[in-house]
Amino acid sequence: MVTGGLGYIGSHTVVELMQKGYQVHIIDNLSNSSLDVLEGIQRITGEIPPYDIFDLTEKDKVFQFFSKNSFDAIIHFAAFKAVGESVEKPLLYYRNNLNSLINILDGALNFGTKNLVFSSSCTVYGQPDDKDLPVTENSPIMPANSPYGNTKQISEEIITDFIKSNPQFSAILLRYFNPIGAHPTGFIGELPRGVPNNLVPFITQTAIGLRQELSVFGDDYNTPDGTPIRDYIDIMDLVDAHIVAVERLTKGQTKKNPEVFNLGTGRGLTVLEVIKTFEKVTEQKLNYKIVGRREGDIEKVWADTSFANKELGWKTKRTLADSLETAWKWEQYYQKNA
Ligand code: WQD
């Protein structure tokens with residue numbers, strides 16, 4: 001069961017699961033995706049997986065769904081995830097992200113699903129102190145800088161407490177850093193509804209002429225070029241880790257409950273470095289201007305990935321240039337076929 005399976009990370013994970021022979025069932029409410037994504041999934045895998053369109057905040061719909069199906073594992077992606085937007089609309093984020101998780105856990109409890117891979121986030125670390133960078137899974141959980149980050153912190157606590165009262169239930173929490181890039185075929189990619197919140201889709205939409213210019217939110221941070229630092233991880237590397245996590249759960253190989261892994265590259269890059277690399281990869285100038293800081297942004301975070309590398313036998317393979325290439329390829333394909 002893949003919630004948010006028509007979304008950016010969800011759709012790429014669905015494709016990989018299908019190609020590895022898993023039976024996948026997608027749940028999505030189309031709040032930040034579209035049914036067109038099914039076409040891309042079919043182009044890549046040759047088939048359209050079963051899918052149900054409903055809102056996971058509606059408990060009776062969730063229970064109805066669970067009563068008709070049984071699952072070896074749930075991968076729960078479905079959530080709102082724009083840091084800036086969550087500052088403006090906190091209740092939307094708390095209601096959606098927390099109620100859907102609670103309904104998923106309640107459904108799993110009542111219908112016997114025992115394994116959960118949860119889409120968590122590096123935002124649980126808030127703004128780490130310099131001495132705590134790069135962050136490990138044991139770095140302090142700092143006060144969240146945004147309601148979005150707080151929903152991820154609270155979600156991890158909900159899952160941990162749920163496991164205490166239902167030890168037969170196992171979970172792996174995957175803390176993503178900044179997912180970027182697209183499937184190598186270019187048939188699926190990041191498809192934000194409306195104006196993109198995230199950096200890379202805004203870059204590609206500016207480069208293709210959909211957006212006038214990219215606003216760079218602040219260059220007065222305490223970083224080499226003044227712009228914030230993030231750990232940009234290729235979507236396909238991120239997906240690989242999900243396959244490993246599902247196998248680890250369904251084969252009962254977890255050593256703790258829940259297990260927590262940082263999914264990043266271990267490399268911190270500034271916004272301007274991403275822009276410069278994009279210009280090099282696409283051999284075109286990007287139109288951008290430096291503006292004020294964005295509310296909710298932290299200054300710098302990147303991952304210490306040694307635990308995931310060792311314990312999961314997983315590490316990232318793609319470079320920033322690889323990811324920007326596939327993101328650009330996807331943007332061009334999408335605009336031509338939209
Ligand atoms: C990255 C950098 C912006 C847009 C993401 C996900 C979130 C979580 C953490 C997984 C920041 C700058 C952006 C723009 C800009 N990941 N920027 N102009 O805020 O790090 O959050 O990673 O759970 O879900 O959203 O990502 O891409 O919005 O911003 O200058 O138009 O790019 O200030 O420094 P963020 P982002």
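Starting from 1, each residue takes its place in the sequence as its number. Every value quoted in this text rests on a predicted model; they were computed, and no experiment measured them. Order of appearance sets the numbers: ligands from 1, and atoms from 1 within every ligand.
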What part of [X], side chain, backbone, both or neither, has a heavy atom within less than 4.0 angstrom of ligand 1?
| X | result |
| --- | --- |
| Pro196 | neither |
| Val271 | side chain |
| Val83 | side chain |
| Arg294 | side chain |
| Thr227 | neither |

Identify, with sequence neighbours excluded, every residue that meets ring-ring contact (aromatic ring centres under 6.0 Å, His included) alongside Trp302.
-> none

Which atoms of ligand 1 are found less than 4.0 Å from any heavy atom of Val216?
-> 30 (O)

Identify whether NZ of Lys or CZ of Arg in Lys59 sits under 6.0 Å from the centre of the six-membered ring of Phe63 and within 45° of that ring's axis.
-> yes

Partner of Lys300 under salt bridge (charged side-chain N to carboxylate O under 4.0 Å, His left out), picked from Asp225, Asp132, Asp130, is Asp130

Applied to residues 25-39, the salt bridge (charged side-chain N to carboxylate O under 4.0 Å, His left out) test, sequence neighbours excluded, yields none

Using distance alone, decide if ligand 1 has a nitrogen or oxygen within less than 3.5 Å of any nitrogen or oxygen in [X].
| X | value |
| --- | --- |
| Pro179 | no |
| Phe217 | yes |
| Ser215 | yes |
| Tyr148 | yes |

Qualifying residue, where the test is side chain to side chain donor-acceptor pair (under 3.5 Å) with Ser323 and the options are Asp237, Thr316, Thr277, Asp234 = Asp234

Once you round to the nearest 0.5 Å, how far does CD of Glu279 lie from CD1 of Ile203?
-> 9.0 Å

Would you check whether Tyr232 reaches within less than 4.0 Å of ligand 1, judged by its heavy atoms?
-> yes

Aromatic centroids of Phe187 and Tyr333 separated by under 6.0 Å | yes

CA sep, side-chain torsions, deciding dist, call: His183, Tyr8, ring pair (Phe, Tyr, Trp, His ring centres under 6.0 Å) = CA-CA 10 Å; His183 194 270; Tyr8 173 37; over 10 Å; no

